[in-house]
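Step one of this worksheet: look at the structure below.
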Amino acid sequence: VRVVYTLPFSRARYMLIKLGSFLVAGGMWLTVVTVSAYTLASQFTDGLENQSAYPFAEVEGNWILIADVIQNGMVLGGMALILVLTFGWFIGYTFRSTLLSYLIAILVVAGGALLVINGGPYQWNPLSALQVQQTLLDQYSTQWRIYLLLLFSIVILVIGTLSINQKRGV
């Protein structure tokens, strides 16, 4: 007699639950970092009347308010976090070796960061979202392209992970 243990739900649902737990943990981390940065900045700076009205210059020479930069930065940072966690989830389920998964993830993220730092094409590089400030200031007027690219990349990674592992039988 052979005993087989199974979960009361499908593999795809199990994988999506795992991705959801990654995203919840990442969201909590992003919240803690953002709140602590704002708290420290407000505690150790001079009290300004309206800090959100501070002007910020973008590459095209237009002036934008720091409140808009912070708001768009939080959205872009959140989407970049979702992209990185989804990419790690994809790598982890596609390659079973932990060392190989870490190596591939480090090479891809470092390569994307080097492209952005050296002036690579922002609008076609989803990893440009990891450089939030540089991406916002260089691509402020066309940032919707990056949002669409990130959303498309996340959807492709989720569908790819689920389809690859459904065929293989995780």
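Residue indices begin at 1 and follow the sequence shown. Only heavy atoms go into these numbers, but all of them, side chains included; no hydrogens, no water, no symmetry mates. Computed from a predicted structure; not experimentally measured.
Here Ser153 contributes atom OG and Leu148 contributes atom CG; the two are 10.5 Å apart, rounded to the nearest 0.5 Å. To the nearest 0.5 Å, the span separating CZ on Phe90 from CG on Asn165 amounts to 9.0 Å. Rounded to the nearest 0.5 angstrom, Leu30 CG and Ile82 CD1 are separated by 9.5 Å. Rounding to the nearest 0.5 Å places CG of Leu162 at 8.0 Å from CD1 of Ile159. Between the CG atom of Leu100 and the CD1 atom of Ile91 there is a distance of 8.0 Å, given to the nearest 0.5 Å. Taking CE of Met79 as the start and CD1 of Ile146 as the end, the distance is 10.0 Å to the nearest 0.5 Å.
Counted within 6.0 Å of CG on Leu99, heavy atoms from surrounding residues, nucleotides or ligands total 12 or fewer; the atom is thus considered open. Atom OH of Tyr102 has 12 or fewer neighbouring heavy atoms from other residues, nucleotides or ligands inside a 6.0 Å radius.
In terms of hydrophobic clustering, with Ile, Leu, Val, Met, Phe, Trp and Tyr side chains grouped at heavy-atom distances under 4.5 Å, Val109 and Trp29 are assigned to a common cluster. In the hydrophobic clustering of this structure, Leu103 does not group with Val108; members are Ile, Leu, Val, Met, Phe, Trp, Tyr whose side-chain heavy atoms approach within less than 4.5 Å, directly or through other members. Residues Phe87 and Leu151 share a single hydrophobic cluster, defined by chaining ILVMFWY side chains whose heavy atoms lie under 4.5 Å apart. When the side chains of ILVMFWY residues are joined at heavy-atom separations under 4.5 Å, either directly or via intervening members, Phe152 and Val84 end up in two distinct hydrophobic clusters.
Contact record, Leu19 with Leu85: CD1-O, 4.5 Å, taken as the closest heavy-atom pair.
Within the 4.5 Å cutoff, no side-chain heavy atoms of Val32 are placed close to those of Met28. Side-chain contact between Leu83 and Leu157 is present, with heavy atoms from C-beta onward closer than 4.5 Å. The side-chain heavy atoms of Leu150 and Leu76, taken from C-beta on, include a pair separated by under 4.5 Å. Residues Ile164 and Tyr93 are not in side-chain contact: their nearest non-hydrogen atoms beyond the backbone lie 4.5 Å or more apart.
Ser163 places a side-chain N or O within 3.5 Å of a backbone atom of Gly160 that can act as its donor or acceptor partner. In this structure, Ser101 contributes its side chain and Phe95 its backbone to a donor-acceptor pair below 3.5 Å. Of the possible polar contacts, one joining the Trp89 side chain to the Met15 backbone as a donor-acceptor pair under 3.5 Å is found. A side-chain donor-acceptor contact under 3.5 Å links Ser36 to the backbone of Val33.
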### Query
What's the verdict on side-chain contact (heavy atoms from CB on, under 4.5 Å) for Leu16 and Val158, showing C-alpha distance, side-chain angles and the deciding distance?
CA-CA 9 Å; Leu16 289 173; Val158 169; 4.2 Å; yes
